Amino acid sequence: MRIATWNVNSLNVRLPQVLEWLAEAKPDLLCLQETKLDDERFPQDLIEYAGYRVVYSGQKSYNGVAILSRNPAKDVITELPGLDDPQRRVLGATFATDVGEVRVLDLYVPNGQAVGTDKYAYKLDWLARLRDHLAEQIAAYPKLVVVGDFNIAPGDLDVYDPDGWRGGILCSDAEREALRALLDLGLSDLYRGFHDQGERFSWWDYRGNMFAANRGLRIDLILTSAALRDAASDCRIDTVPRAWARPSDHTPVVADFA
DNA sequence: ATGCCTTCGCCTCGAAGA
């Protein structure tokens with residue numbers, strides 16, 4: 001089973017890149033964030049023509065998540081229980097795979113804008129509700145994988161300039177503690193199970209030639225329960241699409257399970 | 001740096017992202 005996560009920063013703009021990447025990477029599951037499309041405008045036919053089923057929860061202009069899959073989704077959710085939120089950031093579903101039934105949660109965690117703002121408070125509250133939901137999910141589903149744009153760099157190793165970013169948005173203590181609280185439920189940051197070096201990022205700002213200089217952050221994560229961690233054979237960041245024409249500012253993160 | 005780039009909406013600039 002191969003699963004990937006990719007913040008595409010507008011599926012309307014990025015659909016050609018997504019179809020190209022699907023043909024090359026051949027994932028069983030691809031979780032997208034920031035589709036920025038109303039469900040009425042979602043390109044379901046073109047994705048199905050490429051050989052994938054798809055479920056989605058979107059809105060105009062902002063947010064929006066989708067899961068492309070070889071097998072059908074069941075038990076789909078589009079909300080965090082206990083959080084009445086018009087922002088479309090959550091998509092959960094269960095899939096049959098060659099490693100058994102897998103519960104998938106695709107997330108676009110709020111950005112938070114700046115420490116101390118209303119959006120930052122919303123982000124921390126959202127993460128607290130996520131923790132409550134994951135505590136239930138990890139008990140209900142031994143094979144749980146939580147993927148997406150977490151908008152948190154887990155540690156200094158995940159930041160090109162840790163001193164410059166320390167305490168700021170995406171790197172503040174409260175955000176990192178909220179991520180730690182998710183991991184403490186029994187989830188693993190799968191990339192770190194395979195790679196212990198720094199300067200491995202999943203997002204680079206469009207401004208200032210940051211990708212060419214490899215000045216980025218690792219904020220797109222694949223978290224797995226223990227059973228899936230033990231079944232994992234690889235986790236990697238595919239930087240190739242970030243170098244394509246008209247790229248997303250994020251690049252895919254991929255995991256394989258045997 | 002109230003900068004940089006890219007997206008969207010509504011309308012050619014402002015807001016937001018990270």
Side-chain angles (χ1 to χ4, degrees), chain A residues 5-18 31-43 56-66 85-90 106-127 130 147-176 178-179 189 191 198-221 237 239 241-253:
Chain A
T5 178
W6 192 5
N7 179 326
V8 291
N9 185 19
S10 169
L11 187 59
N12 186 45
V13 173
R14 226 69 63 195
L15 182 62
Q17 287 94 322
V18 169
C31 297
L32 303 179
Q33 304 88 37
E34 283 206 87
T35 55
K36 299 185 176 179
L37 286 172
D38 259 333
D39 290 348
E40 292 71 23
R41 295 187 59 220
F42 194 92
Y56 42 88
S57 177
Q59 67 184 91
K60 191 166 66 170
S61 308
Y62 300 106
N63 309 311
V65 283
D85 188 356
Q87 301 189 31
R88 304 290 81 197
R89 300 178 174 277
V90 174
D106 177 18
L107 303 176
Y108 175 46
V109 175
N111 170 278
Q113 199 168 57
V115 173
T117 62
D118 288 350
K119 288 180 180 176
Y120 183 73
Y122 162 70
K123 180 179 193 174
L124 294 179
D125 181 60
W126 196 96
L127 287 164
L130 173 62
V147 311
D149 177 358
F150 281 74
N151 268 318
I152 302 170
D156 285 353
L157 207 55
D158 304 304
V159 182
Y160 72 94
D161 175 14
D163 292 332
W165 283 75
R166 186 165 293 114
I169 197 66
L170 316 187
C171 298
S172 71
D173 288 345
E175 289 166 272
R176 286 178 167 173
L179 177 60
D189 175 2
Y191 187 78
E199 306 195 334
R200 297 292 182 271
F201 308 126
S202 65
W203 168 86
W204 300 260
D205 200 307
Y206 284 123
R207 298 167 291 186
N209 242 350
M210 300 292 262
F211 179 65
N214 195 31
R215 298 176 187 272
L217 304 178
R218 191 177 69 90
I219 55 178
D220 299 275
L221 309 178
I237 300 171
T239 57
R242 187 60 178 79
W244 286 349
R246 213 169 177 195
S248 171
D249 43 357
H250 298 250
T251 210
V253 182

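A, B, ... follow the sequence lines: proteins, then strands. Residue 1 opens every chain. Model, not experiment: these values are computed from the prediction.
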Review point. Between the main-chain N or O of A:G112 and the side-chain N or O of A:T117, is there a donor-acceptor pair closer than 3.5 Å?
Key: yes
Point to revise | Under 4.0 angstrom between A:N209 side-chain N/O and B:dC5 OP1 or OP2 | key: no
Exercise for review: Starting from C1' on B:dG17, measure out to CG on A:L217 and report it in whole angstrom.
Suggested key: 13 Å
Practice item. Please determine, by modelled atom types, if A:N9 and A:Y206 share a side-chain donor-acceptor pair under 3.5 angstrom. Key: yes
Check your understanding: Reckon A:Y108 has a side-chain N or O less than 4.0 Å from the OP1 or OP2 of B:dA18?
Key -> yes
Practice item. Just call it for A:D220: base, sugar-phosphate, or nothing, with non-hydrogen atoms closer than 4.0 Å on any strand. Key: nothing
Review point. Taking 4.0 angstrom as the limit, do A:R215 and A:D205 come out as a salt bridge?
Key: no
**Study point:** OP1 or OP2 of B:dG17 under 4.0 Å from side-chain N/O of A:K36
**Key:** no
Practice item. Taking atom P in both B:dC4 and B:dC13, compute the distance separating them and give it to the nearest angstrom. Key: 14 Å
Point to revise | OP1 or OP2 of B:dA18 under 4.0 Å from side-chain N/O of A:R207 | key: no
Point to revise | Any N/O donor-acceptor pair, A:N111 side-chain to B:dA18 base, under 3.5 Å | key: yes
Practice item. May I ask you to verify if any side-chain N or O of A:Q113 is less than 4.0 angstrom from the OP1 or OP2 atom of B:dG17? Key: yes
**Study point:** Euclidean distance for C1', B:dT12 against B:dT7 (whole angstrom)
**Key:** 15 Å
Check your understanding: Just to confirm, is there a sub-4.0 Å distance from OP1 or OP2 of B:dT7 to any side-chain nitrogen or oxygen of A:N9?
Key -> no
**Study point:** Distance test, side-chain N/O of A:S10 to OP1/OP2 of B:dT7, below 4.0 Å
**Key:** no
Practice item. Taking atom P in both B:dT2 and B:dC11, compute the distance separating them and give it to the nearest angstrom. Key: 28 Å
Review point. Counting any heavy atom closer than 4.0 Å, what does A:I169 reach on the DNA or RNA strands: base, sugar-phosphate only, or nothing?
Key: nothing
Exercise for review: Could you check how far CZ of A:R14 sits from P of B:dC5, rounded to whole Å?
Suggested key: 16 Å
Review point. When all nucleic acid strands are considered with a 4.0 Å heavy-atom cut-off, which category describes A:K119: base, sugar-phosphate, or nothing?
Key: sugar-phosphate
**Study point:** Pairwise P distance for B:dG3 and B:dA16, with rounding to whole Å
**Key:** 13 Å
Point to revise | Whole angstrom value for the distance that separates C1' of B:dC5 from CE of A:M210 | key: 11 Å
Check your understanding: Looking only at atom types and distance, does a side-chain atom of A:R218 sit under 3.5 Å from a main-chain N or O of A:P154, one as donor and one as acceptor?
Key -> no
Check your understanding: Are A:R88 and A:D38 ion-paired here, with the side-chain N under 4.0 Å from a carboxylate O?
Key -> no
Check your understanding: Which whole-number value in Å describes the distance from A:I219 CD1 to B:dG17 P?
Key -> 12 Å
Check your understanding: Given atom OH of A:Y122 and atom C1' of B:dA18, what is their separation to the nearest angstrom?
Key -> 16 Å
Exercise for review: Considering only atom P, compute the distance from B:dT6 to B:dC10 and round it to an integer number of Å.
Suggested key: 23 Å
**Study point:** Shortest non-hydrogen contact from A:N63 toward A:Y108
**Key:** OD1-CE2, 3.1 Å
Study note, to complete from the structure: Whole-Å distance, A:Y206 OH to B:dC5 P, equals 13 Å
Practice item. With heavy atoms under 4.0 Å as the rule, sort A:D205 into base, sugar-phosphate or nothing. Key: nothing
Study note, to complete from the structure: A:L11 CG to B:dC8 C1', in whole Å, measures 15 Å
**Study point:** Rounded distance in Å - OH (A:Y62) to P (B:dC8)
**Key:** 11 Å
Study note, to complete from the structure: Judged by nearest nucleotide, the residue sitting upstream toward the 5' end of DNA chain B, A:N12 or A:G208, is A:G208
